[in-house]
Number of protein chains: 2
Amino acid sequence: MVADDHTLFVDGLCGLLALQPDFDIIGKASNGKEVLHFLNSRLPEVLIMDLNMPILDGQITAEKIVGSFPSIKILVLSMYNAPSLSTRLKSIGIKGYLPKDTDADLLFSVIREISSGNYYFREKEKYIPGLNRFAETDAFLKKYNLTHREIEILKLISENLSSKQIASKLFISLFTVDTHRKNMIQKLKLSGKTDLIKFAIQNNLWQKQF
Amino acid sequence: MVADDHTLFVDGLCGLLALQPDFDIIGKASNGKEVLHFLNSRLPEVLIMDLNMPILDGQITAEKIVGSFPSIKILVLSMYNAPSLSTRLKSIGIKGYLPKDTDADLLFSVIREISSGNYYFREKEKYIPGLNRFAETDAFLKKYNLTHREIEILKLISENLSSKQIASKLFISLFTVDTHRKNMIQKLKLSGKTDLIKFAIQNNLWQKQF
DNA sequence: AATCCCATACCGAGTACTCGGTATTTTTTA
DNA sequence: TAAAAAATACCGAGTACTCGGTATGGGATT
């Protein structure tokens with residue numbers, strides 16, 4: 001069974017899974033409520049789901065499933081590539097986690113693993129921040145007319161460091177930090193720190209650590 | 001051709017498209033750079049892509065494509081269901097836009113539409129904020145021990161209204177707004193406004209308006 | 001009727017942020 | 001080498017936010 005609010009993703013994934021002779025897709029859902037409703041009539045061996053879903057959140061759904069239908073093995077597919085998610089997912093009772101940029105063959109073998117009773121969490125693969133991020137390329141800097149220093153400071157702002165803390169961390173004056181903030185706000189035509197935070201999040205300069 | 005950094009999505013979507021007798025998938029890519037590299041050897045009639053991609057952003061990629069390969073029709077698939085995106089995408093030269101929770105049949109017909117030279121932008125469908133959002137259900141409130149009033153104020157905070165502005169909007173005292181802020185911060189174990197903004201974004205209490 | 005929860009309101013004192021502007025030095029680019 | 005860009009630094013004055021605490025009244029629940 002596959003649950004995700006992105007219909008195209010669900011349909012596409014089901015198509016891929018259906019090509020595997022040992023897989024049988026018994027259901028699809030686009031929110032947590034639909035999942036639970038479906039489970040009242042039929043139980044899959046493996047449930048592949050996203051944690052971000054409307055109407056009933058994936059995490060709460062998973063908790064309910066683990067409590068009521070312990071035979072179901074849950075595999076989470078997430079847009080986040082954060083191995084630190086693993087601890088939290090394990091504590092819920094989820095059997096496996098993969099990011100959505102995983103290739104299909106690995107997905108198939110992981111499904112077989114957890115179907116056999118194993119766990120699949122990639123803890124060995126350390127999260128490497130931003131090496132390939134657009135927001136750190138010259139094209140991005142040029143697009144927004146930002147400097148490397150500005151991006152550096154923006155990242156620290158988005159990590160909730162005060163200007164004073166940033167100044168201390170970078171061995172510069174508080175005035176300098178404030179000037180950089182001001183320059184960014186003007187260049188990006190934003191209004192204050194809230195907009196800066198949003199800009200950082202939307203451009204993947206900040207990613208949640210669980 | 002399909003471009004998206006979520007490999008499973010690309011593979012699944014290509015599988016769906018391949019079932020249509022009039023579609024021929026000539027390529028896949030997981031970032032903007034790969035797209036441009038591919039176009040040096042072969043041109044698709046329609047390019048289906050996501051705007052959020054690493055290494056080279058989808059928007060810049062699209063702008064380059066429209067400039068260098070005007071015969072290619074670009075259809076954007078986005079996780080955002082925001083019709084207000086349409087104006088911006090049109091100005092870039094993109095021929096169509098659909099959210100990822102679209103069903104496959106509509107996608108197929110839209111591909112055929114823009115392949116024929118038409119545009120597809122759903123402007124009639126007004127964005128309806130939050131009706132089905134998990135973050136506005138009782139389960140969510142219970143999960144985080146938040147009240148309706150707190151969520152209401154959190155939304156306004158995430159829209160960059162100051163406490164003073166919120167007080168004025170809701171006909172309450174500035175002190176009351178501050179108290180709600182304080183209560184939320186304590187309940188959610190956060191540190192200040194930055195964390196509140198992040199919480200709001202991650203729980204879809206705020207969504208970007210273009 | 002008593003209790004709890006929520007919304008409202010306030011205090012005091014402090015820090016953080018904003019935004020107009022100025023300036024100098026260092027680094028990069030042409 | 002000269003010019004431009006980036007980094008650094010500062011001023012003044014004001015608003016916004018934070019966080020410890022206090023309190024009351026109304027509505028819902030037990």
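Every chain is numbered from 1 and lettered A, B, ... according to where its sequence line falls, protein lines coming before strand lines.
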From [atom1] of [X] over to [atom2] of [N], roughly how many Å is that when rounded to an integer?
| X | N | atom1 | atom2 | result |
| --- | --- | --- | --- | --- |
| B:H148 | D:dG27 | NE2 | P | 18 Å |
| B:I197 | D:dA16 | CD1 | P | 15 Å |
| A:L174 | C:dT15 | CG | P | 12 Å |
| A:Q165 | C:dT15 | CD | P | 13 Å |
| A:L161 | C:dT15 | CG | P | 18 Å |

Lys/Arg cation over aromatic B:F121: B:K90, 6.0 Å, 45° cone: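 The answer is yes; both the distance and angle limits are met.
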B:E150 vs B:F175, nearer the 5' end of DNA chain C by closest nucleotide: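 Upstream on the strand: B:E150.
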Of B:L146 and B:F171, the one whose closest DNA chain C nucleotide lies more 5':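 In this pair, the answer is B:L146.
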A:S162 side-chain proximity, nearest of C:dC6, D:dA6, C:dA16: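 For A:S162, the side-chain atoms sit closest to C:dA16.
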Atom CZ of B:F23 with >12 non-hydrogen neighbours under 6.0 angstrom: yes
A:F69 CZ: over 12 foreign heavy atoms closer than 6.0 Å: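 Buried by this count: over 12 neighbours within 6.0 Å.
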D:dC17 phosphate, OP1 or OP2, under 4.0 Å from B:S163 side-chain N/O: yes
A:H180 side-chain N/O to D:dT8 phosphate OP1/OP2 under 4.0 Å: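 It does, given that an N or O in the side chain of A:H180 lies less than 4.0 Å from OP1 or OP2 of D:dT8.
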All pairs passing salt bridge (Lys or Arg N to Asp or Glu O under 4.0 Å) where residues 192-202 of chain B contributes a residue, at least two apart: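 Qualifying pairs: none.
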Close N/O contacts between protein and nucleotides 18-22 of chain D (under 3.5 Å):
from, atom 1, to, atom 2, distance (Å)
D:dT18, OP1, B:K193, N, 2.4
D:dT18, OP2, B:R181, NE, 3.3
D:dT18, OP2, B:R181, NH2, 3.1
D:dG20, OP2, B:Q186, NE2, 3.2
D:dG20, N7, B:K182, NZ, 3.4
D:dG20, O6, B:K182, NZ, 2.6
D:dG21, O6, B:K182, NZ, 2.9

Shortest non-hydrogen contact between A:G192 and A:I185, atoms and distance: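 For A:G192 versus A:I185, the nearest heavy atoms are CA-CD1, 3.8 Å.
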Sugar-phosphate only, base, or nothing, as touched by B:T176 at under 4.0 Å among non-hydrogen atoms: base
Sugar-phosphate only, base, or nothing, as touched by A:S173 at under 4.0 Å among non-hydrogen atoms: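 Touches sugar-phosphate only.
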Salt-bridge criterion met for A:K100 and B:D5 (N-O under 4.0 Å): no
From B:L75 atom CG to B:I94 atom CD1, the distance as rounded to the nearest 0.5 Å: 9.0 Å
